[in-house]
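These notes concern the structure reproduced below.
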Protein chains: 2
Amino acid sequence: MGKRKKSSTNLLNEKYIMESCDLTYAVCKVGGRWKLLILCKLENGKLRYSELRNAIDGITERMLTLQLRELEKDGLVKRTVYAEVPPRVDYELTPIAIELIPIWSKLSSWGAKHKKLVK
Amino acid sequence: MGKRKKSSTNLLNEKYIMESCDLTYAVCKVGGRWKLLILCKLENGKLRYSELRNAIDGITERMLTLQLRELEKDGLVKRTVYAEVPPRVDYELTPIAIELIPIWSKLSSWGAKHKKLVK
DNA sequence: TTCGGTACATACAAATTTGTCCGTTATGGG
DNA sequence: CCCATAACGGACAAATTTGTATGTACCGAA
């Protein structure tokens, strides 16, 4: 999120795992604290920055920005800036992110089931 | 993993998110660095500690132990200790973890696809 | 001309995760 | 009696993620 040291064991391990396991790779892409919450909010269409901020209780602007930047870099959300003042920016899911939705819903059901089991 | 401070904003946020989003909850359960790799190795049946260690390149015994402990606590793996010397312990997926397998395979395909897209 | 709203950026600090190194236990073989 | 082995446990340190506080640009409205 900030800069990472090249060639720490930590980073090398991460790289190795991401290369050798597509599943870990996939999970890492949505692994930030707020990423899935953001993506969920976007399931029904575009939202602008402030709408996301208001929709996600507890997130700070810094975190929202950071996570959106990564999602954008990873091709999961598309950012559109309108040349207006005050500025307007909106975010939407990319096609590859949309492909995740049916998988999410299964995973989400699993989560709900697991949650009950544990109690 | 080590102890966590109760009532840091960080922890409170995590709790809140896990409660309000089953999807995030599910992803967090397998979110440790090595967890998915471990679970994948167990897909075809029991393995003992040393077999896991040897199967997963780069993992240290400490990390393997920690991640296994959490997986056990979360009911994703079952640990069996045999009263032998030297000790023998094996690990296997629980039923709820087995239910994840078909979802994983979809997610894994998605990961592979995404990986190509990005290149 | 100061003010307000939007979408950030930046410096810094706290929390958490991951990794390194070394110790432990019990016993059958030599 | 000494040692090797399997499966850990604990202290400590490095790396990384998350959170806090504050500042920026822009322009139209008051």
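- Rounding to whole angstrom units, CG of residue B/Leu11 and P of D/dG19 are separated by 11 Å.
- Rounding to whole angstrom units, CD of residue B/Glu70 and P of D/dG9 are separated by 13 Å.
- Contact annotation: B/Thr9 does not reach the phosphate of C/dA14 (side-chain N/O to OP1 or OP2, under 4.0 Å).
- In this structure, B/Val118 shares a hydrophobic cluster with A/Met18, A/Tyr25, the cluster being traced through Ile, Leu, Val, Met, Phe, Trp and Tyr side chains under 4.5 angstrom apart.
- Rounding to whole angstrom units, CD of residue B/Glu84 and P of D/dA7 are separated by 10 Å.
- A close approach under 4.0 Å does occur between a side-chain nitrogen or oxygen of B/Asn13 and OP1 or OP2 of D/dG19.
- Between the CD1 atom of A/Ile17 and the P atom of C/dT17 there is a distance of 16 Å, rounded to whole Å.
- When the P atom of D/dT20 is taken as reference, atom CG of B/Leu12 falls 10 Å away, rounded to whole Å.
- Residues B/Ala26 and A/Leu107 approach most closely at CB-O, 3.6 Å, considering heavy atoms.
- Listed here is the closest heavy atom pair of B/Leu76 and B/Ala97: O-CB, 3.2 Å.
- Residue-environment remark: NZ (A/Lys106) stays at or below the threshold of 12 foreign heavy atoms within 6.0 Å.
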B/S/- contact track for nucleotides 1-10 of chain C, protein heavy atom under 4.0 Å: ----BBSBSB
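- Phosphate contact (OP1/OP2 of D/dT17, side-chain N/O of A/Gln67, threshold under 4.0 Å): absent.
- Across all non-hydrogen atoms, the minimal contact from A/Leu42 to A/Leu52 is CD2-CD2, 4.1 Å.
- As a whole-Å value, the separation of A/Leu64 CG from D/dT18 P is 13 Å.
- The shortest distance between the side-chain N/O atoms of A/Ser8 and the OP1/OP2 oxygens of D/dT16 is below 4.0 Å.
- When the C1' atom of D/dT5 is taken as reference, atom OH of B/Tyr82 falls 19 Å away, rounded to whole Å.
- For B/Arg88, the salt bridge (Lys or Arg N to Asp or Glu O under 4.0 Å) partners are B/Glu84, not counting sequence neighbours.
- Residues forming a salt bridge (Lys or Arg N to Asp or Glu O under 4.0 Å) with A/Asp90 (at least two apart in sequence, or on another chain): none.
- For the ring-ring contact (aromatic ring centres under 6.0 Å, His included) condition, no pair includes a residue of residues 38-83 of chain B, sequence neighbours left out.
- The line from CG of A/Leu39 to CD1 of A/Ile101 is 9.0 Å long, rounded to the nearest 0.5 Å.
- Rounding to whole angstrom units, CE of residue A/Met63 and C1' of C/dA14 are separated by 12 Å.
- Between its two ends, the helix from C/dT1-D/dA30 to C/dG30-D/dC1 turns its axis by 30°, counting five pairs per end and rounding to 10 degrees.
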